[in-house]
Enquirer: 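One structure, pasted below without further comment.
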Amino acid sequence: MATDRKTEDAAPLAAASEPLMLVLDGFEGPLDMLLALGREQKVDLTRISILQLADQYLAFVTEARKVRLELAADYLVMAAWLAYLKSRLLLPAQEDDEPSGEDMAAALAFQLQRLEAMKEAAAKLFARPLLGQDVFARGAPEDINIRRKSVYEVTLYDLLRAYGDHRKRQEGGVLHIAPIRLYSMEDAVRRLSDLLGRMPDWTVLSSFLPGEEGGPLLTRSAMAAHFAATLELAKAGRVELRQDGAFAPLYVRRAQRAADE
Amino acid sequence: MTGFMIKEVTDAGEAEARIGKLRLLEALLFASAEPLDEETLASRVGPEVAALLDELRAHYEPRGVNLVRTGAGWSFRTATDLAPLLRQEEEVSRKLSRAAIETLAILAYHQPVTRAEIEAIRGVATSKGTLDILMEHGWIRPGRRRETPGRPLTWVTTDHFLDHFGLESLRDLPSVEDLRAAGLLDSRPVLLGLGPMAGEAPDEPPPSEEE
Amino acid sequence: MTGFMIKEVTDAGEAEARIGKLRLLEALLFASAEPLDEETLASRVGPEVAALLDELRAHYEPRGVNLVRTGAGWSFRTATDLAPLLRQEEEVSRKLSRAAIETLAILAYHQPVTRAEIEAIRGVATSKGTLDILMEHGWIRPGRRRETPGRPLTWVTTDHFLDHFGLESLRDLPSVEDLRAAGLLDSRPVLLGLGPMAGEAPDEPPPSEEE
C-alpha cells in the first residue's frame with residue numbers, strides 16, 4: 001500500500017471535513033502528501049496554514065492506524081515531527097535552543113514550495129518539444145564518423161554497467177530467501193535507532209510499531225522486539241524511557257547526551 | 001546555387017569556395033544524427049565555421065528541417081511546429097515514473113547535486129533504478145565529488161539531456177531565473193532531523209546509526 | 001519562405017498551404033530511417049505529392065544534401081560529389097566487446113593492476129587482444145612493475161580514458177556504494193528489510209515485509 005509509489009496520479013485525500021479516504025497510492029512520500037493536502041487549502045503556499053496542514057496530516061495518520069493501514073516509517077516520522085511542531089506553535093515560547101515553532105513552520109513551508117516548484121519545472125521540461133517524440137533527428141544517419149576520438153561507441157554508462165554486472169556476479173547473484181515471519185530484536189533496535197535519530201522529543205513507543213497486517217504473530221513479536229530493543233538501547237545509554245504509571249504508555253526519546261557525541 | 005544567401009562576396013572564386021564549404025558543412029551535419037561540436041566542424045571546414053553555421057541556420061529557419069544548437073553541438077532537427085503532424089505514438093514521458101521525472105528536474109535545476117540533496121528536496125528516499133534509468137537514457141552522469149565530509153558524488157546533466165529537451169544551455173531551462181531569484185534552487189536540507197532529510201550530514205547517504 | 005521556389009501560385013492562402021506541405025514532406029523524409037514511397041507520402045501530404053517532390057528535389061539539387069529516388073522510395077542523401085571529402089577520415093564505428101568493456105572497467109577500478117590480477121578478478125583468462133585493443137585506443141598504458149617475484153607489469157588508465165568518459169579525475173568514478181545506490185548494482189539480499197531506513201539500504205522503496 002504505502003509502498004507502492006509508482007502510480008501516476010496523486011490520488012488526493014478527501015477534504016478534511018469529509019471522512020478521510022485512505023489512499024496512499026500515488027504519493028511520493030510524506031512531503032508529497034503534505035503538498036497535496038496543502039493545495040486543498042487553495043491559497044498560495046506562502047500563506048498556507050501550517051497548523052491546519054499538521055492537523056490534516058495527523059488526522060490521516062490516526063485514521064490509518066485505526067484501520068490498521070501499514071504506514072511506512074517515514075510517514076510516522078513526519079507525523080511525530082508535525083505533532084512536535086504543533087506543540088511548539090501552540091505553547092508559549094520556551095527558553096531552549098530548539099528551533100522556534102515559527103522557524104520550523106517556515107522551514108516546512110519552504111520545503112513545500114521548493115517541491116512544488118520542482119514539480120512544475122518537471123512538467124514544463126517535459127512539455128517542451130522532445131527529441132524522438134516531437135522533434136526528430138536524421139532518421140538514416142550516414143555511416144560517416146567524423147569524430148576522430150570516438151571510434152568505439154562506449155559510454156560511461158556501459159563502463160559502469162559492466163563493472164556493476166561484474167560485482168553482481170561476484171556477490172553471488174540473486175538470492176531468494178523466504179521472508180521470516182518474526183520480528184527480531186536486532187531489527188527493532190535498528191528501526192528504533194533510525195527513527196529516534198529524527199524524533200524531536202518524547203514519543204510513545206507504540207507509535208513506532210509497524211502495522212498489524214502481518215498477522216497477530218508478527219504483531220506480537222514486533223511489540224516484544226520493540227520493547228526489548230528499548231531496554232537494550234537504554235542499557236547502552238542511547239535512549240531514555242519514561243512511563244508515568246503502571247500500564248501507562250511507554251515514552252522513548254534519544255538520550256540527550258548520547259545525541260551530541 | 002540560388003538557395004544560399006551569399007553576402008559581401010564579390011570575387012567569384014571566393015564565392016565558390018564558400019559555397020563548397022557550406023555544402024560540406026550541410027552534408028556533415030545532415031549525415032549525423034548526433035550534434036556535432038564547432039571544434040569538430042572547424043577541423044573540416046575551417047575557422048570561419050561560426051559564420052557558415054549562422055548562414056546555414058538562417059537558410060533553414062523557415063523550412064521543415066531546422067539547424068539548431070543544443071548544448072555544445074549543432075544538428076539538424078525537424079521543425080518544432082510540425083510536432084503535431086509528426087508525433088510518435090510512444091511518448092518518452094509516459095514510460096518514465098513520476099519519481100524519475102521529478103528526480104531529473106531536480107537534478108537539472110540544482111546540479112551539481114548529491115543524491116542526499118535530491119532526497120531532501122523530494123522528502124523521500126530515491127528508489128533504486130531511478131538514477132540508473134536516467135543514466136541509461138544518457139541524460140545524467142556523475143559529476144565531481146563534493147569536497148565535504150564523506151566526499152559524496154554529485155550528479156549533473158549531459159549534453160544529450162540538452163539535445164533531448166531542445167535546450168541550448170542550462171540557462172534556457174524553463175523559469176530557471178525566476179526560481180533562482182525566489183531562492184527555490186537552494187538544495188540544502190531545511191527540515192532538520194526529519195526523514196531522509198537527516199540534518200547532521202546533509203551530503204552523505206542517510207547514515208545508518210548502527211555502525 | 002524565400003527558399004522555396006513557388007511557381008504558378010497566385011492565391012496567398014494556397015501558397016501557404018503548399019509551403020506547409022513542402023515543410024512536412026521535408027521533415028518526413030528527413031526523419032525516416034527508410035526511403036519513403038510516394039503512396040506513403042501521399043497519405044500524409046496529399047495527392048499532389050509528385051509535384052511537391054519535384055520541387056523539393058530541384059531545391060536541394062545544388063546543395064550538400066540531395067533528394068534522391070532509390071528503388072520505390074525517396075530519401076535525402078549527402079551529395080555524391082562530396083563523398084571523398086566526407087569520407088576523408090572515415091573510421092568505422094565499432095562496438096567494443098563485452099569482455100573488453102569489463103576488462104577496462106576492472107582496470108579502471110583496481111588500477112594499478114596486473115594482467116594476472118585482472119584474470120583473477122574476472123575469473124577468466126584475458127585474451128591477448130583485449131589489452132592490445134584498449135591500449136591501441138589510448139585508454140590504458142603500462143604502469144610501474146610490481147616489486148614482487150617476476151616483477152609483473154601493471155596497467156593503469158590514461159588521461160584520454162578520463163577525457164573519453166567525461167571524468168575529471170579517477171576520484172570521480174562512482175564508488176561501489178554509489179553504483180549500488182544508482183541501481184547499477186543489485187544490492188545484497190536484504191534478509192530482513194524492515195522499514196525503509198533499515199540497515200544500509202536507504203534508497204529502496206520501503207519493502208513491504210508483510211507479504
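In what follows, chains carry the letters A, B, and so on, assigned in the order in which the sequence lines appear, proteins first and then strands, with residues in each chain numbered from 1.
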Enquirer: For the pair R77(B) (side chain) and V135(A) (backbone), establish whether a donor and an acceptor sit closer than 3.5 Å, ignoring hydrogens and angles.
Expert: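 Not confirmed, R77(B) side chain does not pair with V135(A) backbone.
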
Enquirer: Using 0.5 Å steps for rounding, measure from the CG atom of L167(B) to the CG atom of L125(A).
Expert: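 Interatomic distance, L167(B) CG to L125(A) CG, rounded to 0.5 Å: 6.5 Å.
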
Enquirer: Looking only at atom types and distance, does a side-chain atom of R122(B) sit under 3.5 Å from a main-chain N or O of E28(A), one as donor and one as acceptor?
Expert: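 No: the side chain of R122(B) does not pair with the backbone of E28(A).
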
Enquirer: Could you tell me whether the side chain of R138(A) and the main chain of F76(B) form a donor-acceptor pair under 3.5 Å?
Expert: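 No.
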
Enquirer: Would you say T80(B) and R128(A) make side-chain contact, with heavy atoms under 4.5 Å?
Expert: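 No. Closest side-chain heavy atoms not under 4.5 Å.
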
Enquirer: Is Y109(B) in contact with chain A via its backbone, its side chain, both, or neither, using a 4.5 Å heavy-atom distance?
Expert: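 The answer is the side chain of Y109(B).
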
Enquirer: Which region of D132(B), side chain (C-beta onward) or backbone (N, CA, C, O), has a non-hydrogen atom less than 4.5 Å from a non-hydrogen atom of chain A, or is it both or neither?
Expert: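 Its backbone and side chain both get close to chain A.
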
Enquirer: May I ask you to decide whether R98(B) forms a salt bridge with D32(A), counting only side-chain N to carboxylate O separations under 4.0 Å?
Expert: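 The answer is yes: the pair qualifies as a salt bridge.
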
Enquirer: Considering only heavy atoms from C-beta outward, does the side chain of E102(B) approach that of L115(A) to under 4.5 Å?
Expert: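 A side-chain contact under 4.5 Å exists here.
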
Enquirer: Is it the backbone or the side chain of L179(B) that comes under 4.5 Å from a heavy atom of chain A, or both, or neither?
Expert: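 Side chain of L179(B) only, per the 4.5 Å heavy-atom cut-off to chain A.
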
Enquirer: In terms of heavy-atom proximity below 4.5 Å to chain B, should L35(A) be classed as side chain, backbone, both, or neither?
Expert: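 For L35(A), neither part sits under 4.5 Å from chain B.
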
Enquirer: Out of curiosity, L131(A) CG to T78(B) OG1, how far, rounded to the nearest 0.5 Å?
Expert: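 Reported to 0.5 Å precision, the distance equals 8.0 Å.
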
Enquirer: In chain order, what residues pass the salt bridge (Lys or Arg N to Asp or Glu O under 4.0 Å) check against R253(A), with sequence neighbours excluded?
Expert: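 Result, salt bridge (Lys or Arg N to Asp or Glu O under 4.0 Å) vs R253(A): D201(A), E240(A).
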
Enquirer: Side chain, backbone, both or neither: which part of L85(B) has a non-hydrogen atom closer than 4.5 Å to chain A?
Expert: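 For L85(B), there is no contact with chain A at all, as no heavy atom is under 4.5 Å.
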
Enquirer: Side chain, backbone, both or neither: which part of L185(B) has a heavy atom under 4.5 Å from chain A?
Expert: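 Side chain only.
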
Enquirer: Rounded to the nearest 0.5 Å, what separation is found between the CZ atom of R114(A) and the CD1 atom of I121(B)?
Expert: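 R114(A) atom CZ to I121(B) atom CD1 measures 4.5 Å (nearest 0.5 Å).
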
Enquirer: Which atoms form the tightest heavy-atom contact between A120(B) and L31(A), and what is the distance?
Expert: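 Minimum heavy-atom separation between A120(B) and L31(A): O-CD2, 4.5 Å.
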
